[in-house]
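Beneath this line is the structure, given in structure tokens, with notes to follow.
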There are 2 protein chains.
Amino acid sequence: MTDATPPLSAEASQLRSAIVRLSRRLRNERAVDSMSDGQLAVLGILKMHGTHTLGELADRERVSAPSMNRTVNCLEQDGLVSRSPDEADRRKVNIALTAEGIAVVEETLRRRDAWLEDALLELSGDERRRLRDAVDVIARMAER
Amino acid sequence: MTDATPPLSAEASQLRSAIVRLSRRLRNERAVDSMSDGQLAVLGILKMHGTHTLGELADRERVSAPSMNRTVNCLEQDGLVSRSPDEADRRKVNIALTAEGIAVVEETLRRRDAWLEDALLELSGDERRRLRDAVDVIARMAER
DNA sequence: TATTGTTATACTCTATAACTATA
DNA sequence: TATAGTTATAGAGTATAACAATA
């Protein structure tokens, strides 16, 4: 597709702009509009990586423990997560998704995917292939 | 690279995950750590699209006018933007970047690009080409 | 004594409603 | 009378410091 290698700086700048803009557009699609980004992020972590303690959630989201405590309180009041004391170390509290929490996070991801699926269907076969070929490279860069 | 077309749902899901994660990683790189996302977004709009009125900025960021007013107050106090009454319609106020505001937004973009440039240099030539071929597709999807 | 979670308190960012100046 | 911007006030979300329970 592209033959000559363009200047590195232009390549980085264009990539950054495209990634940030698509991400912002995606974020608009969510199951519960009243839910904050922070709350949704916690549900996503629990969905993807299973039960966490409060401290683990705070570390993952790079947020203070009191702040995460408040977020978890809201989610607990809404019935989306449950707290239960850890058997081995009773200082710890395990936070897990409830059935309703699972439903909310799956619906949000479903909406975001649905928006993307619509967009993918408007692409040509070649454009879709180019996107597909880049996905694993993007994912690996994010882990850096 | 990829020959068979995978299920649309898996394709969308993997793309969403990769885009969101790389975007989050990029956001960490900024010139002034004490500056909020909202403030930086305003500087970015002014840098990219030139002078705006308060209402235009509020509309673009999908935020209320009082909220944008406060954001602009902070930027003005920090000397990053200037207010000047519109000549034609004196109800309006034009908000523009100062020299210092230009420097801050350029430094932030430079940092983000620098991080990306480092990451690009660690890729193979083939990986970089795949990324390059996808950028304009991603940019177009974001505009949808 | 150190660690985990929680409460107390304050600051920032957001919003709606009311106000001022101009069209 | 309508519109652009601002001010007043209140509701989330965040942080640091202090506290309680457990290791």
Side-chain angles (χ1 to χ4, degrees), chain A residues 24 27-28 30-46 49-96 104 108, chain B residues 24 27-28 30-46 49-78 80-97 104 108:
Chain A
R24 187 186 302 158
R27 213 179 324 141
N28 290 338
R30 55 177 62 178
V32 182
D33 271 343
S34 65
M35 194 163 52
S36 72
D37 283 348
Q39 288 173 17
L40 183 57
V42 169
L43 295 186
I45 288 172
L46 296 176
H49 301 104
T51 298
H52 282 60
T53 66
L54 187 82
E56 288 167 349
L57 287 176
D59 285 347
R60 261 195 193 271
E61 282 301 289
R62 292 179 195 177
V63 112
S64 70
S67 177
M68 181 54 72
N69 190 53
R70 193 179 177 135
T71 300
V72 168
N73 284 344
C74 291
L75 291 170
E76 192 182 23
Q77 281 186 333
D78 291 347
L80 303 179
V81 305
S82 66
R83 275 185 168 94
S84 49
D86 189 280
E87 295 297 327
D89 183 343
R90 295 171 59 93
R91 291 173 303 182
K92 297 183 178 176
V93 174
N94 291 124
I95 293 145
V104 166
T108 294
Chain B
R24 189 185 303 157
R27 213 177 327 140
N28 291 338
R30 56 175 63 176
V32 182
D33 271 344
S34 66
M35 193 165 52
S36 72
D37 283 348
Q39 287 171 21
L40 183 57
V42 169
L43 295 187
I45 289 172
L46 295 178
H49 300 105
T51 298
H52 283 60
T53 66
L54 188 82
E56 287 167 350
L57 286 175
D59 285 347
R60 261 195 194 268
E61 281 301 288
R62 291 180 197 177
V63 112
S64 68
S67 179
M68 181 53 72
N69 189 53
R70 192 180 176 134
T71 300
V72 169
N73 284 343
C74 292
L75 292 171
E76 191 182 26
Q77 280 185 334
D78 290 347
L80 304 180
V81 304
S82 65
R83 276 185 167 94
S84 50
D86 188 282
E87 295 298 327
D89 183 343
R90 296 172 59 91
R91 291 172 305 180
K92 296 183 179 177
V93 175
N94 291 125
I95 293 145
L97 282 179
V104 166
T108 293

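Quick note on labels: first sequence line is chain A, next is B, and so on, each numbered from 1. For the numbers below, each heavy atom of this structure counts, side chains included, while hydrogens, waters and symmetry mates do not. This one's a predicted model, so the numbers in the text were calculated from it and none came from an experiment.
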Not counting sequence neighbours, which residues clear salt bridge (Lys or Arg N to Asp or Glu O under 4.0 Å) with B/Asp89? List them please. B/Arg91
Should A/Thr71 be listed as having a side-chain N or O under 4.0 Å from OP1 or OP2 of D/dT14? yes
Only one of A/Leu57, A/Thr51, A/Leu75 forms a side chain to side chain contact (heavy atoms under 4.5 Å, CB included) with A/Leu46, so which one is it? A/Leu57
Atom CE of B/Met68 and atom P of C/dT16: how far apart are they, to the nearest Å? 14 Å
Side chain of A/Asn69 only, please: which of C/dT6, D/dT14, D/dT6 is the nearest? C/dT6
Tell me whether A/Glu56 contacts the main-chain N or O of A/Thr53 through its side chain, where contact means a donor paired with an acceptor under 3.5 Å. yes
In whole Å, what is the span from the CD atom of A/Gln77 to the C1' atom of D/dA12? 13 Å
For the pair made of CD in B/Glu61 and P in C/dA15, what is the distance, rounded to whole Å? 11 Å
Whole-Å distance separating the CG atom of B/Asp59 from the C1' atom of D/dA4: 11 Å
Is there a side-chain contact between B/Asn94 and B/Ser84 in this structure, where contact means two heavy atoms from C-beta onward sitting under 4.5 Å apart? yes
Under 4.0 angstrom between A/Gln39 side-chain N/O and D/dA12 OP1 or OP2: no
Before giving the answer on side-chain contact (heavy atoms from CB on, under 4.5 Å), spell out for B/Arg60 and B/Val42 the whole-Å C-alpha distance, their side-chain angles and the decisive distance to 0.1 Å. CA-CA 9 Å; B/Arg60 261 195 194 268; B/Val42 169; over 6 Å; no
When we call it a touch if two heavy atoms are under 4.0 Å apart, what does A/Glu56 touch: a base, just sugar-phosphate, or nothing? nothing
All heavy atoms of A/Ala41 vs all of A/Glu61, minimum pair found to be CB-OE1, 3.4 Å
What is the minimum heavy-atom distance between A/Arg30 and A/Ser36, and which atoms define it? NH1-C, 4.1 Å
How many whole angstroms separate atom CZ of B/Arg70 from atom C1' of C/dA15? 12 Å
Tell me: CE of A/Met35 to P of C/dT14, nearest whole Å? 19 Å
Output the rounded distance in Å from NE2 (A/His52) to P (C/dT4). 15 Å
Could you write nucleotides 16-23 of chain D as a row of B, S and -, 5' to 3', where a protein heavy atom under 4.0 Å of any base atom gives B, of only sugar-phosphate atoms gives S, and otherwise -? BB---BBS
Check this one for me: any side-chain N or O of B/Ser36 less than 4.0 Å away from OP1 or OP2 of C/dT12? no
Rounded to whole Å, how long is the line connecting atom NZ of B/Lys92 with atom P of C/dA23? 11 Å
